[in-house]
2 protein chains.
Amino acid sequence: MKKIDIFKKLRTSGLRPTKQRVEIAKFLFDRDKTFHFTVESLNKLLEKKTTSKFALATIYNTVHAFKDAGHLSEVEVRGKKTYFDTNVSNHHHFYDSETSELIDINANEVVIQKIPKAPNGKKIKNIEVFINLKN
Amino acid sequence: MKKIDIFKKLRTSGLRPTKQRVEIAKFLFDRDKTFHFTVESLNKLLEKKTTSKFALATIYNTVHAFKDAGHLSEVEVRGKKTYFDTNVSNHHHFYDSETSELIDINANEVVIQKIPKAPNGKKIKNIEVFINLKN
DNA sequence: TTTATAGTTTATAACGATTCTAAAGTGAAA
DNA sequence: TTTCACTTTAGAATCGTTATAAACTATAAA
Ligand SMILES: [Mn+2]
Ligand SMILES: [Mn+2]
Ligand SMILES: [Zn+2]
Ligand SMILES: [Zn+2]
């Protein structure tokens, strides 16, 4: 992802390109593979990777702005912390509870043959498949 | 479910049949259909249904003992509250985010045709299918 | 019966993730 | 320079959950 795209992510999230926000955006979006993280893990990685300091509130605010703009998604994982995902396409996950690690599964790698009808008056918004792993 | 079964649930959870625990167990297990709840919702329903008072700690402790004994399961739902489920068999869920309501799907109502191989050295423990609903 | 004792309930404190707040900082425009 | 809207930040507040410790209860030994 090129630098211009970083600024586009920020602009389309309603965020001015401040030092902290650019660092966060670069860290999240300037990579090839999907990245799954919690606010806490992101903070630790940012501290290691950069020389800047980040208040937790800044990270929360920035991550939420990206999420609201559709540049990040949220993955539901057992436990108290919220997991975010740079992969915003429709996809599924392996979850390794030993390492608390999420692994992407492309939507086309899961084929569902049979699914019940949605309850009366309701429609299916999306289907999430979550595969728990063991050793 | 007969009264004797209530006492069996308690016994097999390592819980003596005190007034509060019997009320909780009856409320949870003396019903035909699956019941999904949070500790908060259970507390409100207990207060309505019975004349006893329940400290939150008692409900937490009792629910956790049932869960540890395998008489309740936990369902992962977006949001901060923990959802419990009287259905401990392998099954799936519809989730209606309008009403925060979970609806059971029998395991045999979902047929998965294709699934990726588990990552190196890992095995699949179980598969959870979560179907989000909209109006 | 009393007493001992193990287990239980309860109110409240502590905890941890997240959100809120208000003060200090920043930077572009006037 | 001064202004002013926006940003960062530290710390307070919130909320679900867990821990603690004191009061209570039931059973059984003395
Ligand atoms: Mn979660
Ligand atoms: Mn949850
Ligand atoms: Zn993902
Ligand atoms: Zn269920």
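Just so it is clear: chains get the letters A, B, ... in the order the sequence lines come, proteins before strands, and each one is counted from 1.
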Exercise. What pairs meet the salt bridge (Lys or Arg N to Asp or Glu O under 4.0 Å) rule with one or both residues in residues 56-70 of chain B, with sequence neighbours excluded?
Worked result: B:K67-B:E74
For this session: For the pair A:Y60 and A:H64, name the ring-plane relationship: parallel under 30°, tilted 30 to 60°, perpendicular over 60°.
Result: tilted
Exercise. Under 3.5 Å, is there a donor-acceptor pair between the side chain of B:T12 and the main chain of B:K9?
Worked result: yes
For this session: Let me know the distance between CZ of B:R78 and C1' of D:dG16, rounded to the nearest Å.
Result: 19 Å
For this session: Mind calculating the distance between CZ (A:F54) and P (D:dT7) to the nearest angstrom?
Result: 16 Å
For this session: Report yes or no: do A:N135 and B:K122 form a side-chain donor-acceptor pair below 3.5 Å?
Result: yes
Problem set entry | Per-nucleotide protein contact string for nucleotides 12-30 of chain C, where B marks a base within reach and S marks sugar-phosphate only (heavy atoms under 4.0 Å, - for neither) | -----SBBB----------
Exercise. Between D:dG16 atom P and B:E74 atom CD, what is the distance in whole Å?
Worked result: 16 Å
Exercise. Can you check the A:I59 CD1 to D:dT9 C1' distance for me, whole Å?
Worked result: 12 Å
For this session: Using whole Å, report how far CG of B:N43 lies from P of C:dT9.
Result: 14 Å
Seminar exercise, completed: Which of C:dT8, D:dC6, D:dT9 is nearest the side chain of A:R16? It is D:dC6
Exercise. Is the distance between the ring centroids of B:F130 and B:Y95 under 6.0 Å?
Worked result: yes
Problem set entry | Candidates D:dT7, C:dT8, D:dT9 - which lies nearest the side chain of A:T18 | D:dT7
